[in-house]
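Take a look at the structure below.
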Amino acid sequence: MTSHWTAFDAAAARDGKTRIVDQFAADPDRLARMSVEAAGLYLDLSKQSWSRAGFEACLDLARACDVGGRRAALFAGEAVNLTEGRAVLHPALRAAAGADFHALGEPVSAEVDAVRADMKAYAEAVRSGAEAGATGKRFKAIVHVGIGGSDLGPRVVWDALRPLDPVLDLRFVANIDPRDMAEALTGLDPETTLVVVVSKTFTTQETLANAVAARDWLAATLPTEGMTKHFIGVTAAPEKAGQFGCGRTFAFRDWVGGRYSLWSAVSLSCGIALGWDAFEAMLAGAAAMDDHFVSAPLEQNAPVLLALAQIYNVDGLNRPARTVAPYAHALRRLPSFLQQLEMESNGKRVHRDGTPVTRPTCPVVFGEPGTNGQHAFFQQIHQGPQVVPAEFVIVARTHADAPESPLWSNALAQGQALMLGKTTDQARAELIAAGTDSAEADRLAAHKTFPGNRPSTAIVMDRLTPATLGALLALYEHKTFVEGVIWDINSFDQWGVELGKVLAKAILSDVAAGGPSDTLDPSTAALMSRLM
């Protein structure tokens, strides 16, 4: 592997001194080579910093890291989550009925099909009114209670696909702050509200606290014997959900990681509120991206190329952050979703064998919808001293009646401006042409200079549909996996979230006991005393 990383580093060192725009003249086939279509998406990576040689060095690295072999292991249900000894089989959740996936040798597709059929039957029953509340009234609202992967995935799906006037009002609660639950419940009628509690273990502190609050809110109005109709559990621990008071549960298995679980019963609330046809179309779009990921050669494989572009920026060119700007209001939650997907998966400090990493891994991911971000942090990515690669997710038509070119034209302009920049001489000439005197033009020209040579990727779709949304989210899932393979880390555990949870329980014990214990550090003890 050392020789491949050495070649990668050498190519990056050369490309870091070359302007991206000049690469188009040097390589007439650049656009064709560095763009790809898959599952209704078009990716243009030609504005990345790599030359043809750098692009080939990245592909050689991917081959040397056996991306193809590790991909096969993932889809074969092997224990790719090696610290927990688990398969990682979210592709099984969106496969067509009758598929034949196995987790550690155990057939799982029949179970997936059965749960999906139960979800469909329940969703259609709620929408038709056949499944009603304790007093016989139809459900008009759903409150989805979860956190992390039990919240971000379904939330991004609902925001992306919700109709302007939905049949059912779907609201989400994740924060343990009581204000979050209060806002969600305001204006709702317990008789017509369904609460869906999503927790893999049914032990998550924040989710259980919010579930208790929702249960108490229902109990204050509803008859005891019918309240369970309003309380649904989605969990890998159905017995705990039943003990808590859920009248019905929908299960998923431990080979479904939280941040990869939106394809399962975790999105039951979306399946109900959107309608089952929309949910199934989203699954089909993701399955189409799975097929592409499995079958396309690495040099024309959308998740692979997206991953390699990030690795080239992070490891080759020392760019430890990336911004994602969806040019579609409906995708406003995408950056938050990607923060968890990528940073929880690949924010790791040790290799799969437990030895410390010696190269950077996951960058910081942040973003806002365009054009909002243009009036906020884009100043930094255009003129700041740090180079921050950008990713533009562009929807040609976001709304049936609106002219879209003002929106997507901004996305194209931002990518072009990042690449081209503006020299000081150009800035000065523009000032003079606008009537500025020579001395003032000299003074202002540096402030109006743009370094340029800043990379970006464009991901384009004609419309945001359930199918293209499914393809987009699956694209990012597989991108994250490929990066983990090349960095030689486990993308499917999340021990980093555990220590804070353990210490939070200890602090709550101290609060219950009346004050800080002697084991606390002085700062934490003082903060606790101030807050009690």
Side-chain angles (χ1 to χ4, degrees), residues 118-119 121-127 129-155 157-158 162 166-252 261-262 264-274 279:
D118 287 346
M119 290 171 61
Y122 182 72
E124 292 180 342
V126 171
R127 288 178 66 86
E131 185 78 32
T135 61
K137 293 183 178 180
R138 294 175 65 142
F139 291 115
K140 296 180 180 179
I142 303 171
V143 176
H144 178 112
V145 180
I147 198 167
S150 297
D151 168 78
L152 285 167
R155 197 187 289 249
V157 169
W158 176 245
R162 61 170 293 167
V167 173
L168 287 156
D169 182 3
L170 174 54
R171 304 183 183 186
F172 292 85
V173 180
N175 201 315
I176 199 171
D177 185 337
R179 172 80 184 199
D180 196 12
M181 179 62 77
E183 288 181 357
L185 297 180
T186 296
L188 299 186
D189 179 357
E191 290 187 73
T192 58
T193 300
L194 177 67
V195 176
V196 178
V197 182
V198 184
S199 174
K200 186 172 184 178
T201 62
F202 231 81
T203 60
T204 306
Q205 180 191 49
E206 297 93 335
T207 298
L208 289 184
N210 282 327
V212 167
R215 185 178 62 186
D216 291 348
W217 177 77
L218 291 171
T221 301
L222 300 176
T224 303
E225 62 275 11
M227 200 178 80
T228 56
K229 292 184 177 182
H230 295 253
F231 219 66
I232 303 299
V234 177
T235 181
E239 67 289 343
K240 291 182 180 177
Q243 292 166 5
F244 191 85
C246 295
R248 184 167 181 174
T249 61
F250 293 84
F252 60 99
S261 65
L262 69 92
S264 71
V266 165
S267 289
L268 173 67
S269 54
C270 293
I272 300 170
L274 292 171
F279 188 72

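FYI, the numbering just counts along the sequence from 1. The model shown is predicted, which means the values in this text are computed figures rather than measured ones.
Side-chain N or O atoms of H144 include none that pairs as donor or acceptor with a backbone N or O of V173 at under 3.5 Å. A distance-only check finds a donor-acceptor pair linking the side chain of T235 to the backbone of K200 [under 3.5 Å]. Side-chain atoms of T221 do not come within 3.5 Å of backbone N or O of L218 as any donor-acceptor pair. Between the S264 side chain and the S261 main chain, a donor and an acceptor come within less than 3.5 Å of each other. A donor-acceptor distance shorter than 3.5 angstrom exists from the side chain of H230 to the backbone of T193, with no hydrogens or angles considered. Checked by atom type and distance alone, the side chain of R138 never pairs as donor or acceptor with a backbone atom of E131 at under 3.5 Å. The closest donor-acceptor contact from the side chain of T204 to the backbone of E206 lies at 3.5 Å or more, if one exists at all.
The shortest non-hydrogen separation linking S199 to T207 is CB-CG2, 4.1 Å. The two residues L170 and S269 have their closest heavy-atom pair at CD1-CB, 3.8 Å. In plain terms, the two heavy atoms of V266 and G149 that are nearest each other are CG1-O, 4.0 Å. When all heavy atoms of V167 and R127 are compared, the pair lying nearest together is CG2-NH2, 4.2 Å. Residues A184 and F172 share a closest heavy-atom pair of CB-O, 4.4 Å. A pairwise comparison of heavy atoms in A123 and G271 identifies CB-O, 3.9 Å as the closest pair.
Side-chain atoms of V198 and V145, non-hydrogen and from C-beta on, never get closer than 4.5 Å to each other. With a 4.5 Å cut-off on side-chain heavy atoms, L188 and D169 count as touching. Looking only at side-chain heavy atoms (C-beta outward), V157 and F279 stay at 4.5 Å or farther from each other. At least one side-chain heavy atom of L185 sits less than 4.5 Å from a side-chain heavy atom of V143. Within the 4.5 Å cutoff, side-chain heavy atoms of P166 are placed close to those of W158.
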Point to revise | Test side-chain contact (heavy atoms from CB on, under 4.5 Å) applied to R248 and F250, step by step | key: CA-CA 7 Å; R248 184 167 181 174; F250 293 84; 3.5 Å; yes

Practice item. Quick one: do V195 and F231 satisfy side-chain contact (heavy atoms from CB on, under 4.5 Å)? Show the steps, please. Key: CA-CA 5 Å; V195 176; F231 219 66; 3.7 Å; yes

Review point. Do V234 and T249 pass the side-chain contact (heavy atoms from CB on, under 4.5 Å) test, and can you show the C-alpha distance, the side-chain angles, and the key distance before you say yes or no?
Key: CA-CA 6 Å; V234 177; T249 61; over 6 Å; no

Point to revise | Chi angles and distances behind the side-chain contact (heavy atoms from CB on, under 4.5 Å) call for I232, V197 | key: CA-CA 6 Å; I232 303 299; V197 182; over 6 Å; no

